[in-house]
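Read the structure below first, then the notes.
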Amino acid sequence: MLFIACTSKQSITPTSTDIVGKWSPTYFTQNRLADGTWEPFHQINTLIALPVYEFTSDGRFLKDGKDGATVCFSGSKYKVSSDNKITFTERHPDEAKTNCIGCENWAVIEIKNETLILEECGRVRNKFVRTK
């Protein structure tokens, strides 16, 4: 008798509620290398606390409880597409004046065992844990 098992990362769909909730940074990050591959995850040490992300069930995005549009690299509203890409709308009204670099390439890489891996700006991946 032959048994075959396969594992795959959890799929996110636009109607999925898997991402909804508060996510605290673990300070584990991964950078894209010049050849397009990813370095191993490593822990960073920083004197500045990284923000807690919150994805609400009504499509709002918050960083440390503040509207996502008040800070760079995101917007106030989000949607997750069937290919796990995150699209932000209602971006900072003066984005050009605040020296924010456009960053519209976010993706959900994995949600598993209360851990979320987000790829932000196509160049860095960060791990988060669900906040209870």
Side-chain angles (χ1 to χ4, degrees):
M1 193 178 280
L2 175 66
F3 292 97
I4 299 175
C6 52
T7 59
S8 65
K9 59 185 166 189
Q10 186 171 345
S11 178
I12 308 300
T13 64
T15 58
S16 175
T17 58
D18 294 336
I19 198 171
V20 170
K22 289 185 180 181
W23 298 92
S24 295
T26 64
Y27 294 85
F28 280 91
T29 191
Q30 183 180 42
N31 295 302
R32 185 185 297 268
L33 300 173
D35 66 1
T37 61
W38 293 91
E39 68 183 10
F41 273 98
H42 63 279
Q43 190 169 21
I44 60 170
N45 295 314
T46 177
L47 297 175
I48 300 171
L50 297 177
V52 172
Y53 289 174
E54 182 175 359
F55 296 90
T56 68
S57 60
D58 63 353
R60 294 183 314 128
F61 176 68
L62 307 169
K63 283 186 175 181
D64 281 338
K66 297 178 187 124
D67 184 65
T70 62
V71 292
C72 292
F73 309 121
S74 62
S76 298
K77 299 275 185 173
Y78 77 95
K79 288 184 181 178
V80 181
S81 65
S82 60
D83 62 352
N84 299 343
K85 303 294 183 211
I86 299 174
T87 304
F88 291 102
T89 58
E90 297 183 22
R91 297 173 68 86
H92 193 289
D94 293 324
E95 192 167 328
K97 295 178 185 175
T98 59
N99 294 322
C100 291
I101 300 169
C103 176
E104 299 179 13
N105 299 320
W106 283 40
V108 176
I109 301 303
E110 182 177 278
I111 295 180
K112 184 177 177 183
N113 299 328
E114 302 299 306
T115 299
L116 168 67
I117 298 176
L118 286 178
E119 183 176 306
E120 300 174 41
C121 308
R123 62 182 178 265
V124 65
R125 291 179 176 170
N126 293 304
K127 285 186 183 183
F128 298 84
V129 292
R130 190 180 299 274
T131 301
K132 304 275 180 193

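For clarity, every value in this text was computed on a predicted model and none was experimentally measured. Position 1 is the first residue of the sequence, and the numbers go up from there. Basis for what follows: all heavy atoms, side chains included, without hydrogens, waters or symmetry-related copies.
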- Item | 4.5 Å side-chain heavy-atom contact, Ile109 and Leu118 | no
- Query: Can Val20 be reached from Leu116 by stepping across I, L, V, M, F, W or Y side chains whose heavy atoms are under 4.5 Å apart?
  - Reply: yes
- So, does Asp64 use its side chain to make a donor-acceptor pair with the main chain of Val52 at under 3.5 Å? yes
- Message: As an exercise, state the distance from CG of Asn126 to CH2 of Trp23, rounded to the nearest 0.5 Å.
- Response: 13.5 Å
- Message: In this structure, would Ile117 and Phe28 fall into the same cluster of hydrophobic residues linked by side-chain contacts under 4.5 Å?
- Response: yes
- Note on the structure: NZ of Lys85 to CD of Glu119, rounded to nearest 0.5 Å, is 6.5 Å
- Evaluate the side-chain proximity of Thr29 to His42: yes if any heavy-atom separation is below 4.5 Å, no if none is. yes
- State whether a side-chain donor-acceptor pair under 3.5 Å links Ser81 with Asp83. yes
- ring-ring contact (aromatic ring centres under 6.0 Å, His included) partners for Phe55, two or more places apart: Phe61, Tyr78
- Task: Could you list all the side chain to side chain donor-acceptor pair (under 3.5 Å) pairs where at least one residue sits in residues 43-54, not counting sequence neighbours?
- Result: Tyr53-Glu120
- Message: Would you compute the distance between atom CZ of Arg123 and atom CZ of Arg32 and round it to the nearest 0.5 angstrom?
- Response: 10.5 Å
- Remaining members of the apolar cluster that contains Tyr27, side-chain heavy atoms under 4.5 Å: Ile44, Leu50
- Note on the structure: Rounded to the nearest 0.5 Å, the CG atom of Leu33 sits from the CD atom of Glu39 at a distance of 5.5 Å
- Note on the structure: CH2 of Trp38 to CZ of Arg125, rounded to nearest 0.5 Å, is 4.5 Å
- Message: Do Thr26 and Thr115 have side chains that approach each other closer than 4.5 Å (heavy atoms only, starting at C-beta)?
- Response: no
- Message: Which heavy atom of Pro51 sits nearest to which heavy atom of Pro25, and what is that distance?
- Response: O-CD, 3.5 Å
- Message: Under the criterion side-chain contact (heavy atoms from CB on, under 4.5 Å), I'd like the reasoning laid out for Ile86 against Ile19: C-alpha separation, chi angles, the key distance, then a yes or no.
- Response: CA-CA 11 Å; Ile86 299 174; Ile19 198 171; 4.1 Å; yes
- Rounding to 0.5 Å, atoms CG (Asn31) and OG1 (Thr37) come to a distance of 11.0 Å
- Tightest non-hydrogen contact, residues Arg130 and Gly21, listed as NH1-CA, 4.2 Å
- Does Arg60 come within less than 4.0 Å of Asp58, counting only side-chain N to carboxylate O? yes
